[in-house]
Novice: 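Just dropping this structure here.
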Amino acid sequence: MEPLRHKLVRVVKDAALRAIEAGALPSVGLPEVTVEHPQNPDHGDYACNIGLRMARSAQMNPLEIARHVTEHMSAVDELGATSVAPPGFINMTISDAWLKQQVETVLAEGKTFGNIDKGSGRRVQVEFVSVNPTGPVHIGHARGAVLGSTLANVLTAAGYQVEREYYVNDAGNQMDSFYRSLYARAAQSLGLEIPMPADGYMGDYVTETAAAILAESPDRAALEALVRNDADAATRAMGQAGLAKMLDLIRHDLAMLNVEFDVWFNEQSLFDSGQYAEAIRRLRDDGHLVEREGATWFTHASLDDDKGSVIVRSNGAPTYFASDVAYHHDKFLRRKFDHVIDVWGADHQGHVRRMKSAVEALGIDPERLTILIAQLVTLRRGDEVIRLSKRTGDIITVREVVDEVGSDVCRFFLLSRSADSQMDFDLELAKNESEENPVYYVQYAYARIAGIRQRAADRGFDPDLSRGDVSLLGHEAELALVRKMLLLTEIVELVAVSYEPHHLPHYAQELATAFHWFYKECDVLPDRDPNLPPELTAARLKLVEAARIVLARTLDLMGMSAPERM
RNA sequence: GCGCUUGUAGCUCAAUCGGACAGAGCGCAGCCCUGCGAAGGCUGAGGUUGCGGGUUCGAUUCCCGCCAAGCGCACCA
């Protein structure tokens, strides 16, 4: 369903053109016509500022312009009253009759309510998390996970064909270090005096993983012999098994947060498939590579940094930037995504510009690449700040947090703040406040709906709702609830264009508020008032079911559950 | 030093391309349960939107300067 706002924009625009044609307004170019929700509900549901915008070019009083436009607006079912207000706004109110009818629309659309056709099937890739598989996913990464997965949900609802991807950095120095750490722990467990590498991973999980690999090896004796006698081969063997174990662990922990991927893409494959060589060749052919100090550097006109970035080290090994260039070459030129979204942590923010430049250098419109930066999360318990470092082993994993506060609380909390403001995640608060937690406030609304439905079924009310006549609705709280429900399509659109999923939890709270108010004001079943007309019960059951659909969809987009009981 | 992000109510955060009185939740002060779940509803107090300039009919929003916080500035990822 198209957001109502779009239709209103057309209505106003057409009216303005007609007013010009009729000579009521001078023949000047129209400004971009936009329609928004006024903050003050007295000003109606939608407002348009075309009068103010045209005032200068038309050389007219904004209020006069608004008046002429309003006079030329065609009557549409959606609109009730329209009025003009100083300094030059056109205020529009949705008609009650049309509003009530939307309950039927929601029921008819069911689970697809909220979908819009913004994407027209264009292919979008959302790549997120992509933590090096050198250890478990910690809570700092959870923000990107929640952000990326929610964005993918919303883009799907907006009509895009979406792929969720995890980029597995299985090449490079950090993996080598991890492999050598595994080998060292394995050797130590056999009583050998092998020191940990200087840049090794010190966490207990490395020791545990090494032990598990030995224990689960199909030929334990052979593996132990390898560890004793051939450090290089043992490191490779331990590494290969360790990588698989870490990926399983990461996959499992993210699944606990309701985060799933369509594709797990291996960095190594870029070298095996020739994408790396192809990308380098392309950059070289187009003059974006310079040799200096024995290394190969990437330069581009869009970078004011005259030094550039090393792409191939003097020892011939590619940097991770080289992999990233090849990776994006693969995304755009081999897999041909129309749009690519990378969700990165704040610690990578310095690489945004050169990544975009590299994409441009590959002949791809950099607008097709969106890089979202999620600011860091500080984890704390009350006043105690918990430092996170995989190398030192100070880790609070996603699994631990989800075990402690639950996936829904975790997702809602991480989603509520805009990605570019840093935030504290206070575990104590997330648990202690659970009584007054917005998560429960929203989910409680759903549980109440479920309660009504259950009770209605127990009392034998028409289960297929066919008798309900929505035109009987009309209480202020009923209309307010329908208004909020209709907003979902606009929220989907807003998130899909702004890439800001934090609007979703805020909307969810507003929707829940509207429902709680309705619940308080309007009896659905005749339990309290035996004289409640049965037709009204039938109509309200329809409204309740529609509200259930919208609330469920909202929770689903956020990757949260909709509990029947709490 | 340079770059990116942030600074809004006591706290945590919103504010849809620059709009009409800056909004929620928590906390605080009150009120509302013999009936669909009170994990709820209603009312109230609480703001010089970090500071100073500028652009504009209009600025939390855009531009410049300053202050403060986080992150980054490797032939690590």
Side-chain angles (χ1 to χ4, degrees), chain A residues 5 32 34 36-40 42-43 47 49 52-53 55-56 62 85-89 91 131-132 134 169 171-175 177 199 267 293-297 304-305 309-315 317-321 323-324 345-353 373 375-376 378 413 416-424 426 429 433-441 443-445 447-456 459 490-491 493-495 497-498 500 502-503 505-506 509-510 512-513 516-517 519-530 532 537 540 544 565-566:
Chain A
R5 183 208 297 256
E32 190 191 353
T34 59
E36 65 194 2
H37 297 281
Q39 290 187 13
N40 185 338
D42 292 346
H43 295 141
N49 60 4
L52 291 154
R53 287 212 171 182
R56 185 185 291 273
F89 291 103
N91 292 330
V131 181
N132 284 359
T134 54
N169 291 99
N173 292 338
Q174 296 195 354
M175 287 315 292
S177 170
D199 56 349
E267 178 183 8
E293 301 158 26
T296 304
W297 302 66
D304 10 294
D305 180 0
S309 304
V310 171
I311 200 158
V312 183
R313 300 187 185 93
S314 49
N315 68 4
T319 61
Y320 101 102
F321 177 52
S323 300
D324 254 6
D347 53 341
H348 286 67
Q349 124 297 96
H351 305 292
V352 171
R353 190 165 302 180
I373 297 297
Q375 293 298 318
L376 300 188
T378 308
F413 194 95
S416 298
R417 279 79 171 166
S418 91
D420 41 29
S421 73
Q422 55 190 99
M423 61 179 287
D424 283 2
D426 187 338
L429 223 62
E433 276 199 349
S434 62
E435 289 291 307
E436 298 291 341
N437 201 309
V439 180
Y440 298 109
Y441 180 83
Q443 290 184 323
Y444 182 50
R448 276 183 146 176
I449 291 174
I452 294 174
R453 281 156 47 88
Q454 183 58 51
R455 199 166 168 79
R459 298 176 128 242
E490 289 184 25
I491 298 296
E493 180 180 46
L494 173 62
V495 173
V497 304
S498 67
E500 292 175 347
H502 72 266
H503 297 294
H506 288 275
Q509 282 189 82
E510 289 176 18
T513 298
H516 285 309
W517 186 43
Y519 182 90
K520 183 72 180 177
E521 293 292 322
C522 303
D523 285 359
V524 177
L525 302 174
D527 289 14
R528 190 161 29 209
D529 174 11
L532 191 71
T537 291
R540 284 180 174 164
V544 167
R565 255 191 304 278
M566 293 176 65

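Please read these numbers as outputs of a predicted model, since none were measured by experiment. So you know, we letter chains A, B, ... as the sequences are listed, proteins then strands, and number each from 1.
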Novice: Under 4.0 Å between any heavy atoms, over every strand shown, what does A:Leu376 touch: base, sugar-phosphate, or nothing? Just pick one.
Specialist: sugar-phosphate
Novice: Closest to the A:Val310 side chain: B:rG40, B:rC75, B:rA77?
Specialist: B:rC75
Novice: Indicate whether OP1 or OP2 belonging to B:rA38 is found under 4.0 Å from a side-chain N or O atom of A:Arg448.
Specialist: yes
Novice: Between the protein and nucleotides 20-24 of chain B, list the N/O to N/O atom pairs that are separated by less than 3.5 angstrom.
Specialist:
from: B:rA20; atom 1: N6; to: A:Asn91; atom 2: OD1; distance (Å): 2.6
from: B:rA20; atom 1: N1; to: A:Asn91; atom 2: OD1; distance (Å): 2.9
from: B:rA20; atom 1: N1; to: A:Asn91; atom 2: ND2; distance (Å): 3.0
from: B:rC21; atom 1: N3; to: A:Asn40; atom 2: ND2; distance (Å): 3.2
from: B:rC21; atom 1: N4; to: A:Asn40; atom 2: ND2; distance (Å): 2.6

Novice: OP1 or OP2 of B:rA14 sitting under 4.0 Å from any side-chain N/O of A:Ser421?
Specialist: yes
Novice: What is the nucleic acid contact for A:His502, judged by heavy atoms within less than 4.0 Å: base, sugar-phosphate only, or nothing?
Specialist: sugar-phosphate
Novice: Would you kindly say whether A:Ser323 and A:Glu267 are connected by a side-chain donor-acceptor distance under 3.5 Å?
Specialist: yes
Novice: List for me each residue that meets side chain to side chain donor-acceptor pair (under 3.5 Å) alongside A:His503, sequence neighbours excluded, and say none if there are none.
Specialist: A:Glu500
Novice: The side chain of A:Tyr444 is closest to which nucleotide in this list: B:rC36, B:rG37, B:rC75?
Specialist: B:rG37
Novice: With a 4.0 Å cut-off on heavy atoms, is A:Leu52 in touch with a base, just the backbone sugar-phosphate, or nothing at all?
Specialist: base
Novice: Could you tell me whether A:Met175 contacts a base, only the sugar-phosphate backbone, or nothing, with contacts defined as non-hydrogen atoms closer than 4.0 Å?
Specialist: nothing
Novice: When we call it a touch if two heavy atoms are under 4.0 Å apart, what does A:Arg56 touch: a base, just sugar-phosphate, or nothing?
Specialist: sugar-phosphate
Novice: Any base atoms under 4.0 Å from A:His503, or only sugar-phosphate, or nothing? Heavy atoms, all strands.
Specialist: sugar-phosphate
Novice: Output yes when a side-chain donor or acceptor of A:Asn40 lies under 3.5 Å from a complementary backbone atom of A:Asp42, and no otherwise.
Specialist: yes
Novice: Is B:rC33 syn or is it anti, if syn means the base angle is within 90 degrees of 0?
Specialist: syn
Novice: Side chain of A:His516: nearest nucleotide among B:rU16, B:rA15, B:rG40?
Specialist: B:rG40
Novice: A:Asp523 near the nucleic acid: base, sugar-phosphate alone, or nothing, with a heavy-atom cut-off under 4.0 Å?
Specialist: base
Novice: Ignoring backbone atoms, establish whether A:Tyr441 has a side-chain N or O less than 4.0 Å from OP1 or OP2 of B:rG41.
Specialist: yes
Novice: Determine the minimum heavy-atom distance between A:Tyr441 and A:His516, stating which atoms define it.
Specialist: O-NE2, 3.2 Å
Novice: Using a 4.0 Å heavy-atom cut-off across all strands, classify A:Phe321 as base, sugar-phosphate, or nothing.
Specialist: nothing
Novice: Base, sugar-phosphate, or nothing for A:Ala317, non-hydrogen atoms under 4.0 angstrom?
Specialist: nothing
Novice: Side chains of A:His37 and A:Arg5: closer than 4.5 Å at any heavy-atom pair?
Specialist: yes
Novice: Starting at atom CZ of A:Arg417, determine the distance to atom P of B:rA15, rounded to an integer number of angstrom.
Specialist: 13 Å
Novice: Find the distance A:Gln375:CD to B:rC4:C1' and express it as a whole number of Å.
Specialist: 8 Å
Novice: Please determine if a side-chain N or O atom of A:Ser418 lies less than 4.0 Å away from the OP1 or OP2 oxygen of B:rA14.
Specialist: yes
Novice: Both A:Asn173 and A:Asn49 contact RNA chain B. Which one's nearest nucleotide lies toward the 5' end?
Specialist: A:Asn49
Novice: Give one of base, sugar-phosphate or nothing for A:Arg453, where a contact means two heavy atoms less than 4.0 Å apart.
Specialist: nothing
Novice: Hey, does A:Phe321 have a side-chain heavy atom less than 4.5 Å from the side chain of A:His351?
Specialist: no
Novice: Using the side-chain heavy atoms of A:His348, tell me which of these nucleotides is nearest: B:rG3, B:rA77, B:rC13.
Specialist: B:rA77
Novice: Nearest to the side chain of A:Asp420, heavy atoms from C-beta on, is which of B:rU5, B:rG37, B:rA14?
Specialist: B:rU5
Novice: Taking for each residue the nucleotide of RNA chain B with the nearest heavy atom, is it A:His351 or A:Leu494 whose nucleotide lies nearer the 5' end?
Specialist: A:Leu494
Novice: Have a look at A:Arg459 and say if it touches a base, only the backbone sugar-phosphate, or nothing, with a 4.0 Å heavy-atom cut-off.
Specialist: nothing
Novice: Do A:Asp424 and A:Asp426 make a side-chain contact, defined as non-hydrogen atoms from C-beta onward lying under 4.5 Å apart?
Specialist: no
